[in-house]
Amino acid sequence: MSRVDTMMAPETTQANAGELSPEVLYDKCMVLARNLWWAWHPEVVNLFRDLDPIRWRQLDHNPIALLHEFTPERLAARASEMVLYSRINYAVRRLKEYMSTQPPWGATNTGILGGRPVAYFSAEFGLHESLPIYSGGLGVLSGDHIKSASGLGIPLVAIGLFYGQGYFRQHLDEDDYQREEYQDTKVENTPLEPALGKDGKPITIQIDTRSGQIFAKVWHVHVGRVSLYLLDSNVEGNKPEDRELTSRLYGGDERTRIRQELLLGVGGVKALRALGINPGVYHLNEGHSAFGSLEVIREYMHDDGMSFDDALREVAQKSVFTTHTPVPAGHDRFDGSLVEEHLGPLRDQLGISYEQLMGLGRVEPQNENESFCMTVVGLKLTRRANAVSALHGHVSRRMWAHLWPWRVEEEIPIGHITNGVHIPSWLAWQMNQLYDRHFPADWMDKMGEAKAWENIYTVDPGELWETHNALKNLMLQFVRRRVSRQCRRRGESEEAVETARNLLDPGALTIGFARRFATYKRASLLLYDIDRLFDLLNDKDRPIQIVFAGKAHPKDEPGKQFIQRIAQTRRDHRFNNRLVYVEDYDINVCRHLIHGVDVWLNNPRRPLEASGTSGQKVVLNGGLNMSVLDGWWAEAYNGKNGFAIGDGRTHVSDEVMDRRDAESLYSVLEEQVVPMFYDRDDDGLPHKWIDFMMNSIATLAWRFSAHRMVMDYTRACYVPAAGGLSCDMDVQ
Ligand SMILES: *Cc1c(COP(=O)(O)O)cnc(C)c1O
């Protein structure tokens, strides 16, 4: 905040704004660029873009990289040319106001934390495409969580890792096979600054293992009012292989993985201590950070002279654990030897035996054949645990019932808080304008409440439809730009590039499918019956077109084959280019697609989609969901706000399920989606469709917002954990 204060002086008014010195102007832009607050304020995003629209795009929308290409003088010249002075001043003033006010919701509801923040741990944070430290849904959820915590005024600090090469950039080769490219992120082009300890010096933390020490430095990122701390092992003193420990997200082998998780959990707790931060609550978002609880127990034993058992109880009382995956392979497990190598010295300090330590990570503590599971240790060391949708709650209680063998399934202490998305980050500017015109002026302060959204029914159907179509056009332009670039990169003919420049028909029903290509998500289900798909796409009067995007994990061969199959189908001339694949799915690609699709398709193998969030982003912008009744959609769908694939039943045989769901997918398209979309009145409006759009916005936008989610976490988890009350989370 002090940075903003110093930059604001002397106060300037719009009248004399033109007289700012180039240096002051440049500093003001840097102040804006160095707090990710800018990323969810479209007027600030537009301001950076207007400085140089082409470079803005080429630089992944990175304002710091962009500003580094300007001298203060050139920036000042550009600002006069574009009349940007008052917009820059206004944006800086708004940031300053934002940073110096305490939002009423947090002020009223988090008093019990008494100034001790929630420490939120996550292995990935998806905040913006220019800070590539996320791979997919989990990361974007963490990013949205801390943005909403900032907006609501929840005292919260976040802890993660800085991956110097991020996840990977994807492109398809001549055979449409996924290739991964790793690029070093230039730290000077990110908003990272060294985190300083109480003595004002940059912090380095150190972890002892049986095989030597690991060191890490700590970066500080401002995300609105929230501080995000990222550990980075690329420091002098580390062995060469340890310097690369945090270079890639989900890269390397088991040993890399346990060392990353050691850094995140134990290192994260040490970093907080070095920063002088004393958290009131620990929130472990997924099991990756669960070793951290052991370090907190050590602190309690050391500082307060508690026994291991008492400290464990105390720490569990203050801790919240969120599990995210119903896929068994998705839960990290480590061999005893890896655990002993990395946790051995800490175990000595805790005064517990190897068997006791291993027992904490096993369902049956004495079972020597069981490896150490991060989810199990997470569940054992926290008193409050939750899944991320109602259905996922049921699945998780069943999955972990054997941890509480004396309880019936309904009493397994895992509740649920359904995921949501940060509305300002995912709402298109044009829709935002429409809501501003029709909703009460303070609607954004209440976006996590149902009432704000009922106003959608007062909007003129034509206006909503026009706005959606404007967004759809922008999305199609984006797709054309990306696909023609892909063609050029692959060295395809000039004719192919030209075709790509004119791809897709703005009048045709447009379906989007984009997400990680994990096999359970069944990206190729739509291709189950190629002839039937062919008829749907090529209907003369009522055509469909489909945009695909998504990455497969580098080691996921079946996932890569899904991509290849889809990308090759695209080349089949019978399809008339109605099926396209956009490479290098990331937050930017996601944002463009969810702004403009008519229908967002999701067809996971039920019940393996814990929640899913991309469909929630679509809701805000007027797109309709068509999804298997899994994850969030199982509780969102009401028959009038989108489309359901299947009837919510499951089957033990994957083949049977795939056949059934594909059958349902085609019939829903043929009998419901296509007729409704193309049923127009004299003005060309699809009335029933627009009714569905309004129902979707009215019933879903607030419920599946990150504001509602963070309010739920605060009331059901953070406040009770801080105050010692019992959990009132919805366990049903
Ligand atoms: C929102 C988002 C996701 C999550 O999508 P799901 O459909 O929930 O899997 C994944 N990746 C990116 C880049 C996103 O923005």
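Computation of the quantities below employed the complete heavy-atom set of this structure, encompassing side-chain atoms and omitting hydrogens, waters and symmetry-equivalent molecules. All ligand and atom numbering here is 1-based and tracks the order in the structure.
The 4.0 Å heavy-atom shell around ligand 1 contains residues G136, G137, V140, W426, R515, K521, Y585, D586, I587, C590, G612, T613, S614, K617, ordered by chain and number.
Remark: K147 pairs with no residue by the salt bridge (charged side-chain N to carboxylate O under 4.0 Å, His left out) rule, at least two apart or across chains.
Sorted by first and then second residue, the side-chain hydrogen bond (donor to acceptor under 3.5 Å, both in side chains) pairs involving residues 612-625 (not counting sequence neighbours) are R515-S614, W600-S614. Listed by first then second residue, pairs satisfying ring pair (Phe, Tyr, Trp, His ring centres under 6.0 Å) with a partner in residues 605-645 read W632-F704, W633-Y637, F643-W689, F643-F692, not counting sequence neighbours.
Within the 4.5 Å cutoff, no side-chain heavy atoms of D661 are placed close to those of R606. By the 4.5 Å heavy-atom criterion applied to side chains, L474 and H595 are not counted as neighbours.
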Worksheet item: Step by step, would you call H468 with D598 a side chain to side chain donor-acceptor pair (under 3.5 Å)?
Response: CA-CA 8 Å; H468 167 67; D598 296 310; 2.6 Å; yes
